[in-house]
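Accompanying notes for the structure given below.
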Amino acid sequence: MSVEDAVTPSQTAFSLLGDEVLEREVADAGATLDSTTLQHVFELDRCVTAITDHGFKRVGLQFPDALLPNASAVYHYLTDNTDASLFIMGDTSYGSCCVDEVAAEHANADLIIHFGHSCLSRTTRLPTLFVFGQLPLDVEDCIRQATAKIAVDRSIVLVSAVEYAYALDQVALQLQASHTQVVVGRLDPAFSSASPLAPLSPESLAETEPEVADTHACGCASSQACCNEDQSGVQTVPSQTADVNTLEQPQQQHRFGRVDLPEPSKLAEDACILFIGEANSRFLTSFTMQYNQTEVVCYNPVKSTCQTQDLRTNKRLMRRYFLTQKVKEAQSVGILIGTLGVANYMHVIAQIKQLCKAAEKQYFVFLMGKLNPAKLANFSEVDVYCLIACHENSMLDSSEFFKPLVTPYELELACGPDREWTGRYEFDFQTLIADMREDLLKMDQTGPSNEPHFSLISQSYVSRDSDRDGDTSTALSLRQGGAMVATGQARSLAERSYQGLDPRLGETPVEQAIEGRTGIAIGYDKEPEPASSSQ
């Protein structure tokens with residue numbers, strides 16, 4: 001079996017009859033892989049070395065949906081060759097590119113092995129071993145098509161998806177035969193080392209003072225210890241079976257998990273970025289947003305095609321600028337937590353709360369797992385949502401949603417004083433925190449601006465007072481008698497008949513359980529037979 005077959009999800013039919021669904025046997029797709037292919041694709045010897053050398057006892061294996069058919073074979077191989085207790089993690093809390101630390105901690109894991117594509121976001125709780133896989137790449141065809149599109153006198157910045165990173169040096173060597181200036185954006189060696197990547201220490205996280213919430217980031221009660229958070233809301237590294245000092249430490253400065261990648265402003269005007277991977281990948285979308293002044297040529301190894309990305313990037317920039325204008329006119333902001341594993345996400349949330357307060361915008365924090373338009377449509381009181389996620393998941397296409405979805409950078413650009421759209425784009429949480437601190441200092445000194453601004457949405461000048469339609473109250477107001485009552489959007493949410501899941505422990509009477517219906521939707525037991533049609 002080829003490497004391509006090993007990473008392709010199995011085909012499943014959903015249109016079978018009820019009896020066939022109940023009687024169908026699920027084949028173990030991973031068992032059909034021969035041992036050589038299995039070890040090559042999933043780097044199983046490297047996984048065994050990482051587990052045994054560092055003495056990990058309980059290991060979580062995280063797979064994306066496309067690789068789940070092979071999870072069983074990987075599990076059995078690692079079980080036979082290590083003494084660790086293993087379990088498979090599927091259906092992650094958010095995007096499969098992020099390490100699901102919270103789910104692994106609930107299962108008492110001391111190591112996570114992340115298989116498949118990754119956004120290369122740093123973790124803060126558990127050591128992680130990244131296994132990207134090595135998808136096939138026709139280097140000769142890549143060089144032939146790329147050199148036909150890129151002039152000889154232009155400098156090239158070579159970048160690839162993580163699945164093709166193993167071949168970057170070979171591609172760069174052949175490119176240097178025709179192009180004298182070739183810069184390679186290699187992955188940080190720590191992500192592909194034989195040793196697991198150590199989590200960030202609390203000292204290396206941003207030094208902010210987030211507000212203390214009643215619940216931990218995973219939604220559990222603050223009395224529970226599954227999240228290992230201190231009183232400031234900052235994640236702390238739990239005690240591990242292995243010594244953290246023996247784990248791999250990445251290089252400090254990198255972009256998108258890659259070293260030697262120059263800053264967008266320092267690239268030459270005639271520079272060109274050659275990307276190896278799929279043209280519609282989320283990584284390329286976020287990458288071109290940051291390098292939006294440089295031509296990007298994309299070689300797709302799956303389709304063996306090569307194309308430029310300029311037109312698509314320009315359209316995205318115009319769309320994101322439009323969303324920034326929507327934030328300026330918004331009265332309420334919904335802060336969507338789209339990750340529980342990216343370092344510094346709690347600090348970004350705290351900074352956004354402070355920025356919304358300084359800009360006199362109401363905010364609501366939502367923790368609802370994977371997003372879809374139906375979920376967010378339940379909250380018509382929110383004018384715009386800010387999604388806190390990794391760089392690959394933060395730029396969702398909000399055209400299907402009823403309200404705009406923006407990134408933290410776009411919200412900071414709209415709310416910060418003297419901020420102008422220059423084409424610069426930022427995803428790094430550490431940089432965003434520093435920018436928001438600077439904005440808050442200016443706003444503390446000058447206060448919120450009441451000067452009218454020109455709205456590109458309504459094509460007229462709009463002031464802050466007119467944006468509020470006369471409602472300048474905060475979320476809570478003092479009523480006669482000293483009681484606090486909700487006003488504005490907060491009152492609308494408080495008056496809803498459905499307030500979400502409420503356990504009400506000890507408040508509901510105990511009742512005897514009764515047997516419900518059994519079967520499947522096509523025909524439950526104890527259902528009346530359908531009336532036969534008369535001939």
Side-chain angles (χ1 to χ4, degrees), residues 206-211 263-265 289-290 292-293 317-336 344-365 382-388 391 394-395 403-475 488-489:
E207 296 180 357
T208 60
E209 295 182 358
E211 297 180 2
E263 296 182 10
S265 59
M289 286 296 295
Q290 191 163 99
N292 53 67
Q293 302 296 322
L317 284 172
M318 290 187 288
R319 171 66 179 171
R320 306 314 297 192
Y321 180 68
F322 169 77
L323 294 179
T324 302
Q325 300 303 311
K326 297 285 285 186
V327 177
K328 289 184 177 181
E329 302 182 14
Q331 300 178 37
S332 59
V333 178
I335 304 175
L336 293 173
N344 279 325
Y345 80 95
M346 288 291 290
H347 299 286
V348 172
I349 294 174
Q351 293 292 91
I352 289 179
K353 288 180 180 180
Q354 297 178 22
L355 193 61
C356 289
K357 287 182 179 179
E360 298 185 349
K361 297 181 185 293
Q362 291 183 329
Y363 65 84
F364 308 95
V365 182
V382 178
D383 296 327
V384 63
Y385 290 96
C386 180
L387 178 59
I388 313 298
H391 63 85
S394 60
M395 294 195 63
K403 297 297 175 66
L405 269 70
V406 301
T407 64
Y409 175 72
E410 291 162 355
L411 185 138
E412 187 262 339
L413 190 66
C415 297
D418 304 326
R419 291 287 184 182
E420 298 292 338
W421 181 272
T422 62
R424 169 182 174 256
Y425 212 91
E426 190 60 61
F427 293 98
D428 181 64
F429 283 176
Q430 195 77 21
T431 305
L432 288 172
I433 291 172
D435 290 345
M436 291 181 187
R437 284 176 177 171
E438 181 181 344
D439 291 336
L440 289 171
L441 288 175
K442 291 181 180 179
M443 297 174 80
D444 287 341
Q445 296 172 357
T446 62
S449 175
N450 293 320
E451 295 182 0
H453 66 273
F454 185 77
S455 171
L456 297 179
I457 308 299
S458 60
Q459 297 295 311
S460 61
Y461 280 94
V462 180
S463 65
R464 287 183 177 271
D465 292 336
S466 62
D467 284 347
R468 294 187 183 86
D469 295 329
D471 183 10
T472 59
S473 59
T474 56
Q489 287 92 344

Please report the interatomic distance [atom1]([X]) to [atom2]([Y]), rounded to the nearest 0.5 Å.
| X | Y | atom1 | atom2 | result |
| --- | --- | --- | --- | --- |
| Leu405 | Met395 | CG | CE | 11.5 Å |
| Leu411 | Met436 | CG | CE | 6.5 Å |
| Leu317 | Asn292 | CG | CG | 4.5 Å |
| Met346 | Gln351 | CE | CD | 12.5 Å |

Are the side chains of [X] and [Y] in touch, meaning some heavy atoms are under 4.5 Å apart?
| X | Y | result |
| --- | --- | --- |
| Val382 | Phe364 | yes |
| Ile388 | Leu336 | no |
| Ser332 | Lys361 | no |
| Gln331 | Gln362 | no |
| Ile433 | Asn344 | yes |
| Thr407 | Arg320 | yes |
| Val365 | Lys353 | yes |
| Asp439 | Cys415 | no |

Assess, by modelled atom type and distance only, whether the side chains of Tyr425 and Glu410 contain a donor and an acceptor separated by less than 3.5 Å. yes
Taking atom types as modelled, find out whether Tyr409 and Ser394 have a side-chain donor-acceptor pair closer than 3.5 angstrom. no
Could you check whether any side-chain N or O of Glu426 sits under 3.5 Å from a backbone N or O of Asp428, counting only pairs where one atom can act as donor and the other as acceptor? yes
Do side-chain atoms of Thr431 reach the backbone of Phe427 as a donor and acceptor pair under 3.5 angstrom? no
Of the non-hydrogen atoms in Lys403 and Asp383, which two are nearest, and what is the gap between them? CD-O, 3.7 Å
Under the side chain to side chain contact (heavy atoms under 4.5 Å, CB included) rule, what do Met443 and Leu355 come out as? Steps first, then yes or no, please. CA-CA 9 Å; Met443 297 174 80; Leu355 193 61; 3.9 Å; yes
Given Val384 and Val406, is the side chain to side chain contact (heavy atoms under 4.5 Å, CB included) satisfied, shown in steps? CA-CA 8 Å; Val384 63; Val406 301; 4.0 Å; yes
